[in-house]
Amino acid sequence: MADDATDELKKLEGQAQTHLQQCADEAALRAWNTQYFGDKGLVKAALAKLSTIPKEQRGTYGKEVNRVKEDLTRAYDAALASAKAAALQASLTANPLDVSLPGRGRPRGRLHPATQILRQIYTIFADLGFQVYRTREVETDELNFEFLNMPAHHPARDMWDTFFTTTPGVVLRTHTSPGQIHVMREAAGKPIRVILPGMCYRNEAISTRSEIQFYQVEGLVIGEGVTMADLKGTITAFARRMFGPERRVRIRSSYFPFTEPSIEVDIDWPKDDPNRDRLTKGTGWLEILGAGMVHPNVLRAGGYDPDKVTGFAFGMGPQRMLMLKHAIDDIRLFWQNELRFLRQF
Ligand code: PHE
């Protein structure tokens, strides 16, 4: 009985080894493994037979069956490893992988250039002690014009081509200046030092130089003894931070109904910039904003007493500054969502 069993074991081993050598790939090896080492596998059956062997021969049979099991396991592990290596080698040759190719980058979002310049402006004015104050884009005729010293039929209204809504007396703000009135009324007589950034709308024929929507940043300072010198100093400090420390600031007299006196401010353009002539129309100077001392009528409309306080205001076009900084010659690029343009910033 024991001898029969041992013979059977030998046969099983020989058959398993032959069989193993015939396995061409990993799948065949796995099938082999199930056939011999699975729950109903032949090696398992041979092990189970141990209990049927007479006691005195059980030791010999046991040793032998364990040796067969270990040899076959080792042979299987080795065959599996070399099948895997062969498969890898085959796939590397069939689909060669160029490890020197650059990886596929993840596209990253970024801030719109207009947002970037707005944030630069906030930073500079924050350092000068200004707070950011936001007001609405839809305004009443009163706030956009009337309280800014432009009664109905005032010819200065022509300076702002206006979008009127279907509600009488309601317009899209043509500038951020109505925000001056909102701040003054909220501050209710206290000193003010704010900037008011936001979108403005003008009913213009769209061209490379004008858009129907654009950003403005208004500035307003009110307090006792605020003078034109403060305005000049503030604008100069701003221009140097924004455009470079050597920039000179030129002030020209101008006209706005809500400031008196009114000025426009230019900065000199670097002499070595090849775009200088084109950007400054040959003058070397570039206008960056309108400004002035707040008109007494505007102070009154905001609830301040022009005999006690004075103030200055300015309004700048951040996109215009950006165009000048980067020699962008078409303002329409800002809202076209053209990625080739936006990715440059
Ligand atoms: N609101 C003016 C404009 O849109 C600019 C400005 C603001 C001028 C404040 C003077 C004071 O052109």
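All values reported here derive from a predicted model rather than from experimental measurement. Each ligand, and each atom within it, is numbered from 1 in the order the structure gives.
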Hey, is [X] touching ligand 1 through its side chain, its backbone, both or neither, going by heavy atoms under 4.0 Å?
| X | result |
| --- | --- |
| M159 | neither |
| S177 | side chain |
| W160 | side chain |
| M316 | neither |

Residues T174, D161; criterion side-chain hydrogen bond (donor to acceptor under 3.5 Å, both in side chains); working and verdict: CA-CA 7 Å; T174 58; D161 297 305; over 6 Å; no
Closest approach of any protein heavy atom to atom 2 (C) of ligand 1, naming residue and atom: F258 CZ, 3.8 Å
side-chain hydrogen bond (donor to acceptor under 3.5 Å, both in side chains) partner of R241, chosen from T236, T123, D127: D127
Where at least one partner belongs to residues 67-112, residue pairs that pass ring-ring contact (aromatic ring centres under 6.0 Å, His included), sequence neighbours excluded: W32-Y76, H112-W335
Heavy-atom proximity to atom 5 (C) of ligand 1, best of G317, S262, G315: G315
Under 3.5 Å, which donor-acceptor pairs link side chains of residues 100-111 to any protein atom two or more places apart or in another chain?
from : atom 1 : to   : atom 2 : distance (Å)
S100 : OG     : D98  : OD1    : 2.5
R110 : NH1    : R343 : O      : 2.9
R110 : NH1    : F345 : O      : 3.2

N/O donor-acceptor pair under 3.5 Å between E338 side chain and R340 backbone: yes
Atoms in ligand 1 flagged as close to Q216, the criterion being non-hydrogen separation under 4.0 Å: 3 (C), 4 (O)
Contacting atoms of ligand 1, where contact means under 4.0 angstrom from a heavy atom of G290: 6 (C), 8 (C), 10 (C)
Any H295 heavy atom less than 4.0 Å to ligand 1: no
Distance flag, aromatic centroids of F164 and Y201, threshold under 6.0 Å: no
